[in-house]
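One structure below.
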Amino acid sequence: MNKVHNFSAGPAILPQSAIDASIQALQNFSGTGLSLIEVSHRSKEYEAVVAEATSLVKEILNLNDTYEVVFLQGGASLQFDMIPMNFLTPGKSAAYVNTGVWAGRAIKEAKMFGEVNVLASSEDKNFNYIPKDYQIPLDVAYYHCTSNNTIYGTEMFDFPNSPVPLICDMSSDIFSRPFDANKFDMIYAGAQKNMGPAGTTLVIIKKSLLEKANTKVPTMLNYKIHIENGSMYNTPSVFAIFVCMHTLRWIKSIGLEAMEVRNKAKADLLYAEIDRNPLFVGTVVPEDRSRMNVNFVLTNKELEEPFLKFCKERNLSGLKGHRSVGGLRASLYNALEIDSVQALVTAMQDFEKLNA
Ligand SMILES: *Cc1c(COP(=O)(O)O)cnc(C)c1O
């Protein structure tokens with residue numbers, strides 16, 4: 001079969017080593033003679049997987065012992081509820097910035113549990129930039145932001161020095177570059193963008209934040225319970241965490257510094273073509289362009305469907321923009337190789353010649 005270049009926004013491309021290890025483990029997991037999807041999550045072989053995935057997260061992000069790491073279910077979306085349930089303490093409000101659909105959903109859920117202070121929003125320009133001109137109040141329970149806006153293609157490259165606990169949804173750019181993780185009180189990420197398959201969510205929480213958590217929280221939604229039980233309060237997403245562990249091994253083998261060099265080279269190549277090619281135009285202000293999700297449109301909207309068809313014939317898959325914004329979106333997550341981006345750029349150039 002010809003190689004399919006996978007630009008899907010999520011579930012998304014994973015390293016071949018993680019896929020190969022999964023195929024093998026579906027046949028015979030860790031020498032048990034059993035398939036990965038039929039072993040007990042409490043077997044010593046599987047407990048070793050969760051332990052390694054957890055310690056790889058700490059090691060790659062340089063987290064010190066003041067942090068806890070757990071793998072939960074319910075997607076990043078359940079975190080939109082768990083965060084205010086656990087940390088929006090009575091009498092306080094929580095601060096959010098609205099940078100797109102996911103941030104908006106986080107805000108909507110938080111409002112069910114208490115008062116929400118939306119410090120800034122880029123909705124006025126269809127979320128094509130990251131608001132920067134705002135102050136985080138001193139008296140809020142926490143400040144929540146979204147580092148990469150998967151649907152609109154904007155990314156935060158600088159994080160504020162927050163006077164209150166800093167909580168970030170990093171679902172679509174975690175492990176894509178080095179950053180100071182110790183600056184955050186909580187980081188969470190659904191696995192299916194840059195870390196693994198759908199079915200598990202990585203949650204990193206600082207112990208000092210946990211100490212301030214509400215006490216009356218339903219058991220399955222209580223961070224402390226999941227942490228005390230090492231991601232095994234109930235049956236975890238056995239398969240998904242296994243694939244995450246292998247993806248994390250691959251990330252570690254490259255290192256975040258080199259990962260950033262790779263990701264920047266891919267994004268630079270594609271944005272340069274978008275800016276050069278008269279058929280295409282980027283939708284995001286240049287300084288906030290995401291390296292993970294590149295959003296663009298055709299200057300002549302009638303050429304959009306033909307271009308997508310042209311791409312499909314060349315095995316360039318997953319390029320249709322999110323249904324809420326339209327246009328095109330190329331997701332360039334960690335595991336995507338630069339030759340896939342080159343294939344897309346070549347298609348853009350050939351399409352230009354055809355339509356000259
Ligand atoms: C995809 C995504 C979500 C939603 O993740 P689910 O796992 O589907 O709940 C939340 N935030 C961001 C930034 C995302 O990219």
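These numbers come from the heavy atoms of this one structure, side chains and all, not from hydrogens, waters or symmetry mates. We count ligands from 1, going down the list as the structure has it; atoms in each ligand are counted the same way.
- Phe307 is linked by a ring pair (Phe, Tyr, Trp, His ring centres under 6.0 Å) to Phe280, Phe351, counting only residues two or more places apart in sequence or in another chain.
- Under the 6.0 Å cut-off for aromatic ring centres, Tyr96 and Tyr142 qualify, their centroids lying closer than that.
- Around ligand 1, the residues contributing at least one heavy atom under 4.0 Å from the ligand are Gly75, Ala76, Ser77, Phe80, Trp102, Thr146, Asn148, Thr150, Asp169, Ser171, Ser172, Gln192, Lys193.
- When the side-chain hydrogen bond (donor to acceptor under 3.5 Å, both in side chains) test is applied to Ser40, no partner is found at least two apart in sequence or on another chain.
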Listing, residues 187-197 side-chain donor-acceptor contacts under 3.5 Å, not counting sequence neighbours, or none:
from, atom 1, to, atom 2, distance (Å)
Tyr188, OH, His144, NE2, 2.7
Asn194, OD1, Asn334, N, 3.0
Asn194, ND2, Ile174, O, 3.2

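- In this pair, Phe242 and Phe29 present their aromatic rings perpendicular. The plane angle is above 60°, beyond the 30 to 60° band.
- Applying the 6.0 Å contact sphere to CD of Gln16 captures more than 12 heavy atoms from other residues, nucleotides or ligands.
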